[in-house]
Amino acid sequence: MTDSLRTDIKVYFAPMEGLTDAAFRRVHYSLFRDADAYYLPFISPTQNLVLNGREKRNVLKEYNAGVPCVPQILTKDPEHFLWAADLLADQGFTEINLNAGCPSATVTAKGKGAGLLKNTEDLRRLLDRICTASPLPVSVKTRIGFESADEWEALLPIYADYPLKRLIVHPRSCRENYDPFRLHRECFIRAAGAYKGELIYNGDVFSAEDAQQLQSGVPCLSGVMCGRGWVADPALGREIIGGAPLNKEEVILFHDTLAEEWQRIYQGDIVFMKLRVVMKHLACCFENIRKNEKKIRKTRDLKELLQTDRQIFNTCDLRKDAAFIPDEILKEQDATHI
Ligand SMILES: Cc1cc2nc3c(=O)[nH]c(=O)nc-3n(C[C@H](O)[C@H](O)[C@H](O)COP(=O)(O)O)c2cc1C
């Protein structure tokens with residue numbers, strides 16, 4: 001890391017539905033205290049205006065004690081948003097985030113998530129109402145368009161018209177999903193000049209060097225939000241703010257503590273399925289990624305998975321450039337080199 005790295009950059013853990021649940025956040029924060037906040041996987045209020053069990057376990061304060069968290073709402077209905085905002089204000093949160101980025105077809109078909117970007121009049125109406133009436137400051141996590149990145153020029157001035165707590169930008173259109181070959185950082189950099197509020201970058205930041213490059217290209221960058229890269233390297237946030245890189249003992253401790261905590265909470269195959277996804281990410285930081293990935297994929301139950309994970313920890317060292325690698329890129333690389 002070079003001397004020019006600013007260490008006052010904020011680091012936010014991205015919401016990842018199914019993965020970064022309350023137990024994950026508690027375990028991660030207890031071992032790595034670097035996140036300025038964990039953005040919570042969305043809750044999606046409907047006409048019934050009740051939280052389901054999973055949503056309660058996600059947002060109620062007894063599950064988040066001592067962990068800096070920002071809840072996220074997936075809706076197109078301002079009154080549903082405000083109902084949730086009241087409830088979340090009572091839970092002690094100090095910010096509420098609007099999801100304008102979820103690319104799932106079932107979500108966008110209902111005009112929610114990235115579906116909000118299809119109709120800018122509706123987006124304005126939603127922001128008008130929630131920014132006026134919300135008891136909590138509102139932030140937005142957005143993509144840069146629905147069909148294409150060209151829509152960003154029209155979208156950014158809309159966000160600039162509202163007193164947002166912060167704007168988190170994932171520079172892909174909804175159609176681009178998480179395609180590693182389509183990421184429009186230049187759009188984000190253009191936005192940085194024009195946008196006067198707090199701007200956070202999100203998307204494919206998998207190493208501290210990458211965050212550093214972003215910072216040098218965008219001097220007014222307030223922070224970065226990392227998801228897959230931070231699951232793969234649980235010390236990524238620490239390294240981005242100038243701390244030590246990951247070491248093997250802490251990966252193992254993180255894995256084991258999380259496995260234990262999830263087994264305490266969940267029954268049946270849930271722990272197996274969740275832990276397998278986490279281990280697929282963690283395996284990116286170890287040698288023999290392709291071989292290990294196959295072994296992890298072949299496991300059929302938690303016992304087998306825990307044995308496989310232990311074998312990987314016992315026999316493989318951390319890679320020198322330990323970092324997340326998207327599947328699409330992994331497939332393109334020669335397995336013998338990694
Ligand atoms: C499994 C999974 C679940 C996600 N769940 C959410 C979510 O609930 N809310 C949200 O805003 N983004 C969600 N995202 C998107 C991430 O927050 C983030 O924007 C995306 O992974 C890109 O950042 P990264 O390249 O640092 O991973 C999810 C992504 C994944 C892969």
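For ligands, and for the atoms within them, numbers begin at 1 and follow the listed sequence.
Heavy atoms from other residues, nucleotides or ligands lying under 6.0 Å from NZ of Lys295 number more than 12.
Judged by the shortest distance from any of its heavy atoms, Gly203 lies inside the 4.0 Å radius around the atoms of ligand 1. Distances from ligand 1 to the non-hydrogen atoms of Cys102 include no value under 4.0 Å.
Taking the ring centre of Tyr29 as origin, the terminal cationic atom of Arg26 falls outside the region bounded by 6.0 Å and 45° from the ring axis. A cation-pi arrangement is found for Arg143 relative to Tyr178, the charged atom lying closer than 6.0 Å to the ring centre and inside a 45° cone about the ring normal.
What sits closest to atom 1 (C) of ligand 1 on the protein, heavy atoms only, is Glu17 O, 3.9 Å. Closest to atom 11 (O) of ligand 1 among all protein heavy atoms lies Gln72 NE2, 2.8 Å. At the top of the distance list for atom 30 (C) of ligand 1, counting protein heavy atoms only, stands Met16 CE, 4.0 Å. Counting protein heavy atoms only, atom 15 (C) of ligand 1 is closest to Tyr178 OH, 3.0 Å. With respect to atom 17 (O) of ligand 1, the closest heavy atom belonging to the protein is Pro15 O, 2.7 Å.
A salt bridge links Arg264 to Glu261: one of the charged nitrogens lies within less than 4.0 Å of a carboxylate oxygen. A salt bridge links Lys280 to Asp327: one of the charged nitrogens lies within less than 4.0 Å of a carboxylate oxygen. Salt-bridge formation is not detected for the pair Glu186/Arg190: no Lys NZ or Arg NE/NH1/NH2 atom is positioned less than 4.0 Å from an Asp or Glu carboxylate oxygen.
Short contacts between ligand 1 and Gly227, defined as distances under 4.0 Å to a heavy atom of the residue, involve ligand atoms 24 (P), 26 (O), 27 (O). Using a 4.0 Å cut-off to heavy atoms of Ala14, the atoms of ligand 1 that qualify are 17 (O). Using a 4.0 Å cut-off to heavy atoms of Arg228, the atoms of ligand 1 that qualify are 21 (O), 24 (P), 25 (O), 26 (O), 27 (O). Residue contact check: Cys226 has heavy atoms under 4.0 Å from atoms 26 (O) of ligand 1. Residue-ligand proximity, Pro41 to ligand 1, at heavy-atom distances under 4.0 Å covers atoms 8 (O). Of all atoms in ligand 1, listed by their number and element, those nearer than 4.0 Å to a heavy atom of Asn99 are 9 (N), 10 (C), 11 (O).
Neither the backbone nor the side chain of Tyr39 comes within contact range of ligand 1; no heavy atom lies under 4.0 Å. Contacts between Lys141 and ligand 1, counted as non-hydrogen atom pairs separated by less than 4.0 Å, involve the side chain only. Proximity of His170 to ligand 1, defined as any heavy-atom pair under 4.0 Å, is confined to the side chain (atoms from C-beta onward). With a 4.0 Å cut-off on non-hydrogen atoms, Asn202 touches ligand 1 through its side chain and not its backbone.
Checked options Leu236, Ile241, Leu214; the residue passing with Val224 is Leu214 (criterion: side-chain contact (heavy atoms from CB on, under 4.5 Å)).
Using the six-membered ring where Trp is involved, Trp230 and Tyr38 have ring planes that are parallel, under 30° apart on the 30 and 60° scheme.
Residues Ser139 and Glu95 have side chains that bring a donor and an acceptor to within less than 3.5 angstrom of each other.
Looking at Phe42 next to ligand 1, an N or O pair under 3.5 Å apart turns up.
Taking the centre of each ring, Tyr39 and Tyr12 come in below the 6.0 Å mark. Taking the ring centroids of Phe13 and Phe24, they lie under the 6.0 Å cut-off.
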